[in-house]
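Shown next, in structure tokens, is the structure this report addresses.
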2 protein chains.
Amino acid sequence: MTDPDLPPRPKAAVMGDVADLAGVSAMTVSRVLNSPEKVRPETRDRVLQAVRALGYRPNSAARVLVTGKSGVLGVVSIDTTLYGPASTLYAIERAAREHDYLVSIASLSALNRRSIEEGVERLRQQSVDGIIIIAPHESATEGLRHLPPDLPVVDVGGGEDVHVPATAVDQRAGAVRATRHLLSLGHRTVWHISGPPNWIDASGRIDGWRAVLAAEGREIPVPLVGDWSAHSGYELGKRLPLEVTAIFAGNDQMAMGLFRALRESGRRVPEDVSVVGFDDMPEAAYFWPPLTTVRQNFGEVGRHAFALLRDRISGRESERRRLVEPELVVRESTARYPAE
Amino acid sequence: MTDPDLPPRPKAAVMGDVADLAGVSAMTVSRVLNSPEKVRPETRDRVLQAVRALGYRPNSAARVLVTGKSGVLGVVSIDTTLYGPASTLYAIERAAREHDYLVSIASLSALNRRSIEEGVERLRQQSVDGIIIIAPHESATEGLRHLPPDLPVVDVGGGEDVHVPATAVDQRAGAVRATRHLLSLGHRTVWHISGPPNWIDASGRIDGWRAVLAAEGREIPVPLVGDWSAHSGYELGKRLPLEVTAIFAGNDQMAMGLFRALRESGRRVPEDVSVVGFDDMPEAAYFWPPLTTVRQNFGEVGRHAFALLRDRISGRESERRRLVEPELVVRESTARYPAE
DNA sequence: CATTCGCTTGACAGCGCTGTGAAACGTCTC
DNA sequence: GAGACGTTTCACAGCGCTGTCAAGCGAATG
């Protein structure tokens, strides 16, 4: 950091100042900073010394202006307060940092095509080198269709028909595992509390769940539609028919609300009803009872997203779509039925 | 968005192109974009039309180069996956968006002075107009001392002796309310499961809790030190002496882990033990039992932080430090003792 | 000893935008 | 009809950096 008790400070040093002090031309200073191997060691040291002496800090705007690369990437995301997006964003930021990229964020003001386009536009105006979109919602797929073709974009958690490189957790596979697990415990069928309509992961989970039930010839109950919140899990839980013995909740929060509803109606988990969640948020192991759930590796998703974007930016070819396998974590909210 | 099926596209239009098409000089185009009132309406319309026709998008780098303002602000934050930082960040981003600022993030790789300085430096290199620091940790206070003096910085949730404008939730007041609430229910004293050492909010909560007990002449138990996680709440809960009847947990997650430990040892909440949390995360109302807790309004904190930074950037004077009042939310995890 | 070669360095232009001062153009006044 | 004035527009310079191409230099070659 610069010395705090320096005199009034004339002005931040620029490349020319460094050049003068080192007795070289500006171009040489630029070279020292960008491709040091092209400068003779002694010159380089002299320049570096001048840089330190003046506390010189390259002006990124000037560099961007001439190179056209900003070293900044944008993330357009829905509510970054949600566990999934927050974790993904965090992983992206870490990966970006390792490769000397900075991350700018634009959160969505609404879930529609316009809002996505707006976010992209906002980032684009700040000349980001590329954009990652975290918006697992139908409307995003819509918005993605109308992107400027020259901008590297990577989609996270979107639908299958997205025409940009994409990565996501395999929601369907997760739902399949959850449902199979419940059936294997002896349950006749499995109910589902789903995420809200038009959310990609919500439909993926419904698909997987339904497919297993169909394949096994089980009765397929109507899914109860929640909004990801514990509150909705609670409300839907209160309306659950008495004969239900197994429930696959669309995420951990809804499972939590569900727990409370079941308890209030005198049903025990897992003795009377088994519950599986989705996400494996850090708290899931401390639910009562500890929640059996499907773990999504958001860290990996974030890292992939960044890697894909990097490939796109540098013009490299890369996979079109990369799925991350979810993992069933069995804890104590599921049990054999009927109990032995 | 630009038309996707345009021919190979010669090159993005620049201001000169717009000027030519509109039959004016570049300066006039610039004026239309920045201070439209200084341009005669007819000219303005002609320019605007040319802008649209060419899909012209101003080059921010060039603008930043000459004006020195980037319209980007940086946020240096600890783990943005935690509820508090995530919520604050989100609120900042929303406030920023409303005022046409973009937000870049730099998360901390470690909790120490170096790491903060690194984050600040990374953002500074991208010429952000100002920085908000979310790092409620002693080490941040350290790092804040060594900031470049010319950079507008606002601190969130830091200590009281920070010399930059700051905003925070009044942790002490929250702890006081939580502790008083428990005492008012008849509990002899209140135990505390605290956040980890050197976290500003952890110490604020300890202070408030201890102050109330001292003022009331109650026994002051040794605080049990956790790490904010449900896991630590659980582990500490297992070691809780039998005579404990009231606990003030440093956050909701630890309260959750604590619930499980209490339950496993056969103690009922709230009949045998009352528990108060801190944060009021959205799930707190669906704990079993629903958690009495102290609500922190992170949205307000984020908005204040942005407002303070804006004042600093524009050279306006503003408050030195602005506290947000927390609110006690009484639910069902606390009860009279002994029960009536 | 003159010539060539490879490495290192420098001068200059230009990236796209905005601030400055001055010119151009009415409009109004005497 | 000339002068004064306010408004609108323009030409030019320059923000700080990097790419290009040419010059400088010592070493190696014939």
Side-chain angles (χ1 to χ4, degrees), chain A residues 9-51 54-72 100 124-129 150, chain B residues 9-51 54-72 100 124-129 150:
Chain A
R9 243 240 284 210
K11 204 160 188 217
V14 299
M15 195 174 265
D17 302 338
V18 176
D20 290 351
L21 182 58
V24 298
S25 76
M27 190 62 236
T28 299
V29 177
S30 173
R31 276 203 200 89
V32 170
L33 266 28
N34 298 309
S35 28
E37 75 284 358
K38 289 188 184 166
V39 177
R40 185 151 29 98
E42 306 106 70
T43 323
R44 193 192 309 160
D45 290 347
R46 216 150 21 99
V47 171
L48 253 19
Q49 214 172 307
V51 165
L54 296 174
Y56 170 68
R57 182 191 324 283
N59 178 319
S60 67
R63 189 212 243 82
V64 174
L65 181 58
V66 48
T67 61
K69 306 256 122 240
S70 64
V72 178
D100 288 318
R124 214 164 130 73
Q125 264 166 26
Q126 291 289 342
S127 43
V128 297
D129 292 341
D150 53 337
Chain B
R9 232 216 318 191
K11 201 155 189 222
V14 299
M15 196 174 263
D17 301 338
V18 177
D20 290 351
L21 182 59
V24 299
S25 76
M27 190 62 236
T28 301
V29 178
S30 173
R31 273 206 203 85
V32 169
L33 265 29
N34 298 310
S35 28
E37 75 284 358
K38 291 188 182 165
V39 176
R40 184 149 30 96
E42 305 108 71
T43 324
R44 194 191 310 159
D45 290 347
R46 217 150 22 99
V47 171
L48 254 18
Q49 216 171 303
V51 165
L54 296 174
Y56 169 69
R57 182 192 323 284
N59 178 318
S60 67
R63 191 212 240 81
V64 174
L65 182 57
V66 47
T67 61
K69 307 256 120 242
S70 64
V72 178
D100 289 317
R124 212 165 133 71
Q125 263 165 30
Q126 290 291 342
S127 43
V128 296
D129 292 341
D150 54 336

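These figures come from a predicted structure and were not determined experimentally. Chain identifiers are assigned alphabetically (A, B, ...) following the order of the sequence lines, protein sequences preceding nucleic acid strands; residue numbering begins at 1 within each chain. Heavy-atom basis, side chains included; hydrogens, waters and symmetry copies ignored.
- Between the side chains of A/Ser60 and B/Ser127, at least one donor N or O sits under 3.5 Å from an acceptor N or O.
- Listed nucleotides D/dC10, D/dG16, C/dC17 differ in distance to B/Arg63; the shortest reach to its side chain belongs to C/dC17.
- Look at CG on A/Leu65: it is 10 Å from C1' on D/dT18, rounded to the nearest Å.
- C/dG10 atom P lies 11 Å from atom CG of A/Asp20, rounded to whole Å.
- We find that CE of A/Met27 is positioned 17 Å from P of C/dC15, with the value rounded to whole Å.
- Within residues 33-45 of chain B, the residues approached by DNA chain D to less than 4.0 Å at the level of any non-hydrogen atom are B/Val39, B/Arg40, B/Thr43, in residue-number order.
- In this model, the phosphate group of D/dC15 is not approached by any side-chain N or O of B/Thr67 to a distance below 4.0 Å at OP1 or OP2.
- Distances shorter than 4.0 Å separate some side-chain N or O of A/Thr28 from OP1 or OP2 on C/dG10.
- Between the C1' atom of D/dC17 and the CG atom of B/Asn59 lies a distance of 13 Å, rounded to the nearest Å.
- Side-chain to base pairing of A/Arg57 with D/dG16: no donor and acceptor N or O lie closer than 3.5 Å to each other.
- Side-chain proximity of B/Met15 to D/dA11, C/dC17, D/dT20: nearest is C/dC17.
- The nearest whole Å value for the distance from the CZ atom in B/Arg46 to the P atom in D/dT9 is 8 Å.
- Residue B/Val66 is in base contact, counting any heavy-atom pair closer than 4.0 Å across all strands shown.
- Counting non-hydrogen atoms under 4.0 angstrom, A/Val64 reaches nothing in the nucleic acid.
- Comparing D/dC10, C/dA11, D/dC17 against the side chain of A/Ser25 picks out C/dA11 as the nearest.
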